[in-house]
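Read the structure below first, then the notes.
First the proteins, then the strands, lettered A, B, ... as listed; each starts at 1.
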Number of protein chains: 2
Amino acid sequence: MKPDPTQIMTQTLRDTGVRVTRQREALLRVLTEAQDHPDAAELHRRARVIDDSLSLATVYRTLSVLEREGVVLRLALENGGARYEVADAPHHDHIVDLDTGRITEFRSEKIEQLQREIAAEMGYEIVHHRLELYCRKKR
Amino acid sequence: MKPDPTQIMTQTLRDTGVRVTRQREALLRVLTEAQDHPDAAELHRRARVIDDSLSLATVYRTLSVLEREGVVLRLALENGGARYEVADAPHHDHIVDLDTGRITEFRSEKIEQLQREIAAEMGYEIVHHRLELYCRKKR
DNA sequence: CTCAGTGCAAAGAGTTTGCATAAAC
DNA sequence: GTTTATGCAAACTCTTTGCACTGAG
């Protein structure tokens, strides 16, 4: 039986002096179980099933805490609001299917390397980056 | 004496049956003269100098027409609102200086190629993409 | 017990829209 | 003359915030 990722996260939070409330536990559970990339409203909807007192304001506040603590990542895709994912997998970029909205993850070490070279040439160090491919199924 | 890019654009618009108004001419002029990547409010401020009746609503409406016509590109960077640039240069990506906010453009044919390969492997065709490097000056 | 976290409602920022008027073609 | 574009103000979406109260440590 493998360790519950939510357990690990709550411990991480407690270690930094961040309080773990009912609401935060509910959100963490929903986030770790999400196979997609939900926005704040959707996370609110899902977490309400676990804790029906949870407010949207708290969802936003908690998400920004979790982002600061490095537990979640905020995606800012082209249209609409921010979407979130747990930061448990190694870094990856995203392919957005323009027809279905489905998001696929990918990772290219070669591209990462090229990016670093380009930045270095201009005297820069990359702090973070975003690469999104907006695609349509080939036919 | 080289042709005024604004002239070319207005012709492009007229050809598609889009009316070229005082307001749109003012905006096009401001856009072509901009060396940076202004947001809607900034474009409004600058274009007002040429045509002081121009409203912010018209700026937004015009920008979306220009985007649809392929005359401008909308950048959706991480923080804040959309920023715009004229679509006269070949495609390029952006480096954002986290300390100064300055945006530098770059282009890597190798990265473009790798992106296409990755998308193709998953049965996708890239419609468009975004690559942004958020950087700090090395020291 | 204390202070960080919460719900609520109100406020902000950025953007869009309905409607009567203006002006491009 | 038609029909599209404009200005204004109001509406809308997403997100943040002030405040009194609650609950985690």
Side-chain angles (χ1 to χ4, degrees), chain A residues 6-7 9-30 37-45 47-48 50-69 71-84 101, chain B residues 6-7 9-30 37-45 47-48 50-69 71-84 101:
Chain A
T6 308
Q7 295 279 340
M9 289 176 177
T10 55
Q11 200 47 57
T12 305
L13 293 179
R14 262 189 272 261
D15 290 350
T16 351
V18 175
R19 293 187 181 173
V20 178
T21 61
R22 268 186 303 120
Q23 293 89 336
R24 288 181 178 175
E25 276 177 338
L27 252 181
L28 282 172
R29 175 139 280 115
V30 166
H37 296 75
D39 62 10
E42 179 59 26
L43 289 168
H44 184 217
R45 245 171 266 126
R48 248 184 198 297
I50 307 177
D51 178 352
D52 73 329
S53 75
L54 178 61
S55 77
L56 184 55
T58 293
V59 172
Y60 277 109
R61 276 187 284 230
T62 299
L63 285 170
S64 79
V65 170
L66 296 181
E67 194 190 11
R68 174 161 40 75
E69 299 299 328
V71 168
V72 307
L73 290 175
R74 180 195 309 255
L75 309 186
L77 303 187
E78 301 235 302
N79 313 307
R83 294 169 163 275
Y84 298 84
Chain B
T6 308
Q7 294 279 341
M9 289 176 177
T10 55
Q11 200 47 55
T12 306
L13 294 179
R14 261 188 272 261
D15 291 350
T16 350
V18 175
R19 292 186 183 175
V20 178
T21 60
R22 269 184 303 118
Q23 292 89 335
R24 290 179 177 176
E25 276 177 337
L27 253 181
L28 282 172
R29 176 139 279 116
V30 166
H37 296 76
D39 62 10
E42 179 60 25
L43 289 167
H44 184 216
R45 244 171 266 126
R48 248 184 200 293
I50 306 176
D51 179 350
D52 73 329
S53 76
L54 178 61
S55 77
L56 184 55
T58 294
V59 172
Y60 278 110
R61 277 188 282 230
T62 300
L63 285 171
S64 78
V65 170
L66 296 181
E67 194 188 12
R68 173 160 41 74
E69 299 299 327
V71 168
V72 307
L73 291 175
R74 182 193 307 256
L75 309 186
L77 304 187
E78 302 236 301
N79 313 307
R83 292 168 165 277
Y84 299 84

Would the distance check show the side chain of [X] and the main-chain N or O of [Y] forming a donor-acceptor pair, the cut-off being under 3.5 Å?
X: H44(A); Y: L54(A); result: yes
X: S64(A); Y: R61(A); result: yes
X: T16(B); Y: L13(B); result: yes

Hey, are the side chains of [X] and [Y] touching, using non-hydrogen atoms and a 4.5 Å cut-off?
X: P38(A); Y: R45(A); value: no
X: H37(B); Y: L75(B); value: yes
X: L66(A); Y: M9(A); value: no
X: E67(B); Y: L63(B); value: no

* To do: Grab the CD-P distance between E25(B) and dT6(D) for me, whole Å please.
  =>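 After rounding, the reported distance stands at 11 Å.
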
* Give the rounded distance in Å between these two atoms: CG of L56(A) and C1' of dT13(D). =>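 Distance check: L56(A) CG to dT13(D) C1' gives 11 Å.
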
* Asked: Between dT15(D), dT6(D), dT15(C), which nucleotide gets closest to the side-chain atoms of A40(B)?
  ->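 The listed nucleotide nearest to A40(B)'s side chain is dT15(C).
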
* Asked: Which of these nucleotides, dG7(C), dA5(D), dT6(C), is closest to any side-chain atom of R24(A)?
  ->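 Comparing dG7(C), dA5(D), dT6(C) against the side chain of R24(A), the answer is dT6(C).
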
* To do: Before accepting this row, confirm whether a basic side-chain N of the pair D39(A)/R83(A) lies closer than 4.0 Å to the acidic partner's carboxylate O.
  =>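 Salt bridge flag = no for R83(A) with D39(A).
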
* For every nucleotide of nucleotides 17-25 of chain C, 5' to 3': is a protein heavy atom under 4.0 Å from its base (B), only from its sugar-phosphate (S), or from neither (-)? -> BB----BBS

* Measure the angle between the two terminal helix axes of the helix from dC1(C)-dG25(D) to dC25(C)-dG1(D), five base pairs each, and quote it to 10°. =>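 Overall, the helix from dC1(C)-dG25(D) to dC25(C)-dG1(D) bends by 40° from one end axis to the other.
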
* To do: Give A41(B) one of three labels, base, sugar-phosphate or nothing, depending on what nucleic acid heavy atoms sit under 4.0 Å from its own.
  =>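 It contacts nothing in the nucleic acid.
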
* Give S64(A) one of three labels, base, sugar-phosphate or nothing, depending on what nucleic acid heavy atoms sit under 4.0 Å from its own. =>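 Nothing: the residue S64(A), judged by heavy atoms under 4.0 Å, touches no strand.
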
* To do: Go through the structure and list residues passing side chain to side chain donor-acceptor pair (under 3.5 Å) with S55(B), not counting sequence neighbours.
  =>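 So S55(B) forms a side chain to side chain donor-acceptor pair (under 3.5 Å) with T58(B).
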
* side chain to side chain contact (heavy atoms under 4.5 Å, CB included) partners for L73(A), two or more places apart ->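 For L73(A), the residues satisfying side chain to side chain contact (heavy atoms under 4.5 Å, CB included) (neighbours in sequence not counted) are E85(A), A87(A).
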
* Go through the structure and list residues passing side chain to side chain contact (heavy atoms under 4.5 Å, CB included) with T10(B), not counting sequence neighbours. =>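 Only T6(B), R14(B), V20(B), E25(B), L28(B) meet the side chain to side chain contact (heavy atoms under 4.5 Å, CB included) criterion with T10(B).
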
* Going by heavy atoms closer than 4.0 Å, what residues in residues 71-81 of chain A are next to DNA chain D? ->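 Under 4.0 Å from DNA chain D: G81(A).
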
